Amino acid sequence: MVQLSEKALGNARPNHMPIGRALLSVSDKTGLLDLAKALHELGIALVSTGGTAKAIAEAGLPVTPVDSLTGFPEMLDGRVKTLHPAVHGGLLARRDMPEHMQQLKDAGIQTIDLLVVNLYPFRQTLQKPGVGYQEVIENIDIGGPAMLRAAAKNHDAVTVVVDPSDYTALIEELKAHGKQLSFATRQRMAAKTFAHTAAYDGAIANFLTGLPEPDTATADQQANTIAGQNPATASALPQVYSLQVVQRQGMRYGENPHQQAAFYADPMAQVGCLAGYTQLQGKELSFNNIADADAAWSCVRSFEGPACVIVKHANPCGVALGEHALAAYQRALQTDPTSAFGGILAFNTEIDEACAQAIGKQFAEVIIAPSYSAAALAVFAAKQNLRLLQLPLGEPTAISSGLDIKRVSGGLLLQTPDRNTLTADDLQCVTDKKPTAAQLQDLLFAWKVATWVKSNAIIFCANNMTMGVGAGQMSRLDSARIASIKAQHAGLSLTGTVVASDAFFPFRDGLDVVADAGAVAVVQPGGSMRDDEVIAAANERGIAMVFTGMRHFRH
């Protein structure tokens, strides 16, 4: 981090600066008229462009069109309107330099003390169904970022605002300090502005570097090809990837007490992602709480019907469906009550009083649900340290809408999400024995759980409930043995269960272990050079086995 000296930081910097003139040019007109009215009532002159000026004038407020400043009308369908010395000179002139102020006077340019700009909706345009390439390109703002950067650079004297949520505080400070804004406000707004323009340019770079190279021979043909390009066909993995996240919460420490940590949220995250949680009660979330909560929430959202997922150290140790939240919880807890101690509990349905009372009998770190009854909240209130998170389920695609990112030394690994949309029609039965309808349902349930268990993963299930989970072992054989041992310790019989393996069985020995434990059906990807050996073993043991053609490694 750059360290500035006290002398450098305090070099004749003015604290409060008066606001005499404001330039407003916004695509998002949320709160615009209230802001313009408040500025006018304070005696601040308003300058504006295009649709913004029209909206202000129609509200009966005096406003000077920007072309009156520049002496030059907007041109090229509005592409050129603020790129002029009358605008940028008014923003960039240093008020503490007499030569700058003299140059403005000689040119007949007045200072602009407040700039309120938000940009063309580029990222929102990209998300529109069926949007075309040219529409996307036209939503690349040029004049807006240029003004923002100019004003933010000169924040010693100029205040710049990009977010409508800042309007109220801005007006309150102006009223409290006689039309003046503090340096702290100007600096904070400048930092927010540069972050905003960086994210904007990053989104454009991600889009353009993700487009396929035109394969036509001439420039005209290339232009036609690109002009017909639908942004939906752009690569999910661009040549240059820019990501901007915003610190939401500082933490006491990271995975371990000697590590520093903070939680950062993606401003573009869809509804339903963990970053949108509201904490209703309890201690501050830790680094590990958030990581485990994400694993639990991602898993539970994948089920239809009331479900409960209990996670410990990022692995589901109990997953079940039930008629209601209480039944799902009680069944999930049966899988591994020992590991559930101090775990993370996630529900895809409202938690009522009966469920809350049952949960209150165990120690949990975090509970996540889309809603809680008032009676349930009253029960949980007695456990002041218990962290309660509430967030909407959102659309089923919310979890898998972005890229998965893993940090490695000196770089990042990016991949598209592991979407598990398997149905019974996708399964290929490769054994003489066919699974029953009930077994098919359990196989699909087990396969869904396997998506969220660390590899190597072996999951025993019966009646939409996990019966034994083996996770994260170097050997698939050991995962199978551990799953069986855990079921035995929990007092659960594996006779008649089904098994999901997140990747293929490389040898028949893993299949023999699950068969010895009592499994009667298996779902696995297939694809091993020894598939024939494993299929023969399944036929020998009288087990039904289906292939998915898809694996679910999770590291």
Side-chain angles (χ1 to χ4, degrees), residues 248-249 263 265 269-286 288-312 314-337 339-400 445 448-449 452 464-466:
R248 172 170 177 175
Q249 174 188 337
F263 175 45
Q270 294 187 27
V271 173
C273 293
L274 181 77
Y277 71 81
T278 299
Q279 185 167 351
L280 303 182
Q281 72 164 54
K283 295 190 298 184
E284 184 180 49
L285 289 164
S286 72
N288 294 330
N289 287 157
I290 290 177
D292 288 345
D294 187 52
W297 183 245
S298 298
C299 182
V300 82
R301 287 185 74 258
S302 65
F303 293 101
E304 295 180 4
C308 174
V309 174
I310 304 175
V311 160
K312 192 69 173 289
N315 272 306
C317 60
V319 181
L321 303 182
E323 294 181 5
H324 40 67
L326 174 60
Y329 165 69
Q330 290 172 330
R331 302 183 79 222
L333 183 63
Q334 288 181 59
T335 305
D336 190 353
S339 296
F341 180 84
I344 310 292
L345 280 60
F347 295 80
N348 64 355
T349 189
E350 180 171 282
I351 295 178
D352 59 15
E353 182 179 15
C355 185
Q357 288 176 339
I359 293 172
K361 297 175 183 178
Q362 77 157 104
F363 169 58
E365 288 279 358
V366 181
I367 299 174
I368 318 165
S371 60
Y372 303 81
S373 72
L377 291 175
V379 172
F380 288 135
K383 292 178 170 285
Q384 296 183 357
N385 290 333
L386 174 63
R387 304 164 178 90
L388 291 188
L389 305 186
Q390 181 173 318
L391 67 161
L393 289 170
E395 294 298 321
T397 57
I399 296 298
S400 58
F445 174 85
K448 194 167 286 188
V449 175
W452 305 103
N464 291 321
M465 167 183 163
T466 51

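What you see is a predicted model; the values in this text were computed from it and never measured.
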Student: Which distance, rounded to the nearest 0.5 Å, do you find between the CD1 of I290 and the CG of L274?
Tutor: 7.0 Å
Student: Any donor-acceptor pair under 3.5 Å linking the side chain of Q279 with the backbone of K283?
Tutor: yes
Student: With sequence neighbours excluded, what pairs up with N288 under the side chain to side chain contact (heavy atoms under 4.5 Å, CB included) test?
Tutor: E255, S286
Student: Return the CG to CZ distance between L333 and R331, rounded to the nearest 0.5 Å.
Tutor: 12.5 Å
Student: Answer yes or no: is there a donor N or O on one side and an acceptor on the other, between the side chain of S339 and the main chain of C317, under 3.5 Å?
Tutor: no
Student: Quick one: are D292 and V366 in side-chain contact, heavy atoms under 4.5 Å?
Tutor: no
Student: For residues 366-391, which residue pairs qualify under ring-ring contact (aromatic ring centres under 6.0 Å, His included), counting only residues two or more places apart or in two chains?
Tutor: none
Student: The criterion is side chain to side chain contact (heavy atoms under 4.5 Å, CB included); which residues satisfy it with A327, sequence neighbours excluded?
Tutor: H324
Student: Is a donor on one side and an acceptor on the other found under 3.5 Å between the side chain of S302 and the backbone of C299?
Tutor: yes
Student: Less than 4.5 Å apart, side chain to side chain, heavy atoms only: is that true for Y329 and L345?
Tutor: yes
Student: What distance separates L326 CG from E353 CD, expressed to the nearest 0.5 Å?
Tutor: 11.5 Å
Student: Between atom CD1 of I359 and atom CD1 of I351, what is the distance when rounded to the nearest 0.5 Å?
Tutor: 4.5 Å
Student: Contact between L389 and W297 at the side-chain level, heavy atoms closer than 4.5 Å - yes or no?
Tutor: no
Student: Which residues satisfy the side chain to side chain contact (heavy atoms under 4.5 Å, CB included) test with A307, sequence neighbours excluded?
Tutor: V300, F303, L321, N348
Student: Under a 3.5 Å distance rule, please check whether Q281 uses its side chain to pair with a backbone N or O of K383 as donor and acceptor.
Tutor: yes
Student: Nearest 0.5 Å, what's the CG-CZ distance between L393 and R301?
Tutor: 6.0 Å
Student: Within the 4.5 Å heavy-atom criterion, are K448 and V319 side-chain neighbours or not?
Tutor: no
Student: Determine whether L285 and Y277 satisfy the following criterion, side-chain contact (heavy atoms from CB on, under 4.5 Å), listing intermediate values before the conclusion.
Tutor: CA-CA 11 Å; L285 289 164; Y277 71 81; 3.5 Å; yes
Student: Apply the side chain to side chain contact (heavy atoms under 4.5 Å, CB included) test between L391 and each candidate in T278, I368, V271; give the one that qualifies.
Tutor: I368
Student: List in chain and number order the residues that pass side chain to side chain contact (heavy atoms under 4.5 Å, CB included) with E365, two or more places apart in sequence or in another chain; answer none if no residue qualifies.
Tutor: N289, I344, F363, R387
Student: Using side chain to side chain donor-acceptor pair (under 3.5 Å) as the criterion, list what pairs up with E284, not counting sequence neighbours.
Tutor: none
Student: If I take atom CG from residue L377 and atom CG from residue L388, how far apart are they, to the nearest 0.5 angstrom?
Tutor: 6.5 Å
Student: Taking the side chain from K312 and the backbone from F341, do they hold a donor-acceptor pair closer than 3.5 Å?
Tutor: yes
